[in-house]
Amino acid sequence: MNFQQKVLSLVKHIPKGKVTTYKEIGKAFHKRGQIYRAVGRALKENKLPIIIPCHRVVCSDGSIGGYSRGIKKKIALLKKEGIQIKNNKIIDFKKKLFKF
DNA sequence: CCCATGACTAATT
DNA sequence: AAATTAGCCATGG
């Protein structure tokens with residue numbers, strides 16, 4: 001299985017109303033170092049944004065990060081799922097954070 | 001095989 | 001507290 005596929009699989013498991021960070025995903029890979037770099041890249045290249053809830057993946061500091069379909073869209077989706085956002089930052093980020 | 005790039009982070013300034 | 005720098009992994013040319 002490709003690195004990308006693994007990442008997508010994990011992201012798919014993120015429950016609604018929760019979010020995770022690139023860093024956390026990296027931890028799930030049992031690899032040390034800055035894995036999250038490649039993670040972000042993998043999500044960007046993902047061709048199934050419908051199946052993959054990539055909007056639930058944010059930066060470790062609580063900021064939104066990026067989104068192929070546009071950052072605004074990502075925020076809208078998150079809000080819709082119950083995530084409060086202000087100034088491009090997630091409110092109660094730690095509480096909404098989902099770990100593998 | 002080497003170089004550049006990115007939806008990142010942590011440390012420094 | 002905001003802006004800049006440097007480090008690091010997988011992928012593509």
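Everything numeric here is computed off the predicted structure, so don't read it as measured data. Just so it is clear: chains get the letters A, B, ... in the order the sequence lines come, proteins before strands, and each one is counted from 1. Side chains are part of it too, since the values below use all heavy atoms of this structure and drop only hydrogens, waters and symmetry mates.
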Open item on the list: Is there a side-chain contact between A:Val11 and A:Pro53 in this structure, where contact means two heavy atoms from C-beta onward sitting under 4.5 Å apart?
Closed with: yes
Open item on the list: Going by salt bridge (charged side-chain N to carboxylate O under 4.0 Å, His left out), name the pairs with one or both residues in residues 56-77 of chain A, residues two or more places apart or in two chains.
Closed with: A:Arg56-A:Glu81, A:Asp61-A:Lys89
Task: Distance (rounded to the nearest 0.5 Å) between A:Gln5 CD and A:Leu10 CG - done: 11.5 Å
Open item on the list: Once side chain to side chain donor-acceptor pair (under 3.5 Å) is applied, what residue pairs with a partner in residues 7-25 of chain A remain, sequence neighbours excluded?
Closed with: A:Glu24-A:Lys27
Open item on the list: Do A:Val57 and A:Val19 have side chains that approach each other closer than 4.5 Å (heavy atoms only, starting at C-beta)?
Closed with: no
- [ ] Quickly work out the A:Met1 CE to C:dA10 C1' distance and round it to whole Å.
- [x] 17 Å
Task: Nearest-0.5 Å distance, CD1 of residue A:Ile75 to OH of residue A:Tyr67 - done: 12.0 Å
Open item on the list: To the nearest 0.5 Å, what is the distance between CD1 on A:Ile91 and CD on A:Gln84?
Closed with: 6.0 Å
Open item on the list: What is the first contacted nucleotide of DNA chain B and what is the last, in 5' to 3' order, if contact means an atom lying under 4.0 angstrom from a heavy atom of chain A?
Closed with: B:dG6 to B:dA10
Open item on the list: With heavy-atom distances below 4.5 Å as the criterion, would you say the side chains of A:Phe93 and A:Val58 are in contact?
Closed with: yes
Task: Approximate separation, where rounding is to 0.5 Å, of A:Ser63 OG and A:Asn87 CG - done: 12.0 Å
Quiz: residues 29-50 of chain A side-chain donor-acceptor pairs under 3.5 angstrom, not counting sequence neighbours:
residue, atom, partner, partner atom, Å
A:Gln34, OE1, A:Tyr36, OH, 2.7
A:Gln34, NE2, A:Tyr36, OH, 2.4
A:Arg41, NH1, A:Glu45, OE2, 3.3
A:Asn46, OD1, A:Leu48, N, 2.7
A:Asn46, ND2, A:Leu43, O, 3.0
A:Lys47, NZ, A:Glu45, O, 2.5

Considering only nitrogen or oxygen atoms on both sides, find all protein atoms under 3.5 Å from nucleotides 5-9 of chain C and state each distance.
residue, atom, partner, partner atom, Å
C:dG7, O6, A:Arg37, NH2, 2.5
C:dG7, N1, A:Arg37, NH2, 3.2
C:dC9, O4', A:Gln34, O, 3.0

Open item on the list: Under 4.0 Å, heavy atom to any atom of DNA chain B: which of residues 83-94 of chain A qualify?
Closed with: none
Open item on the list: So A:Val58, base contact, sugar-phosphate only, or nothing? Heavy-atom distance under 4.0 Å.
Closed with: sugar-phosphate
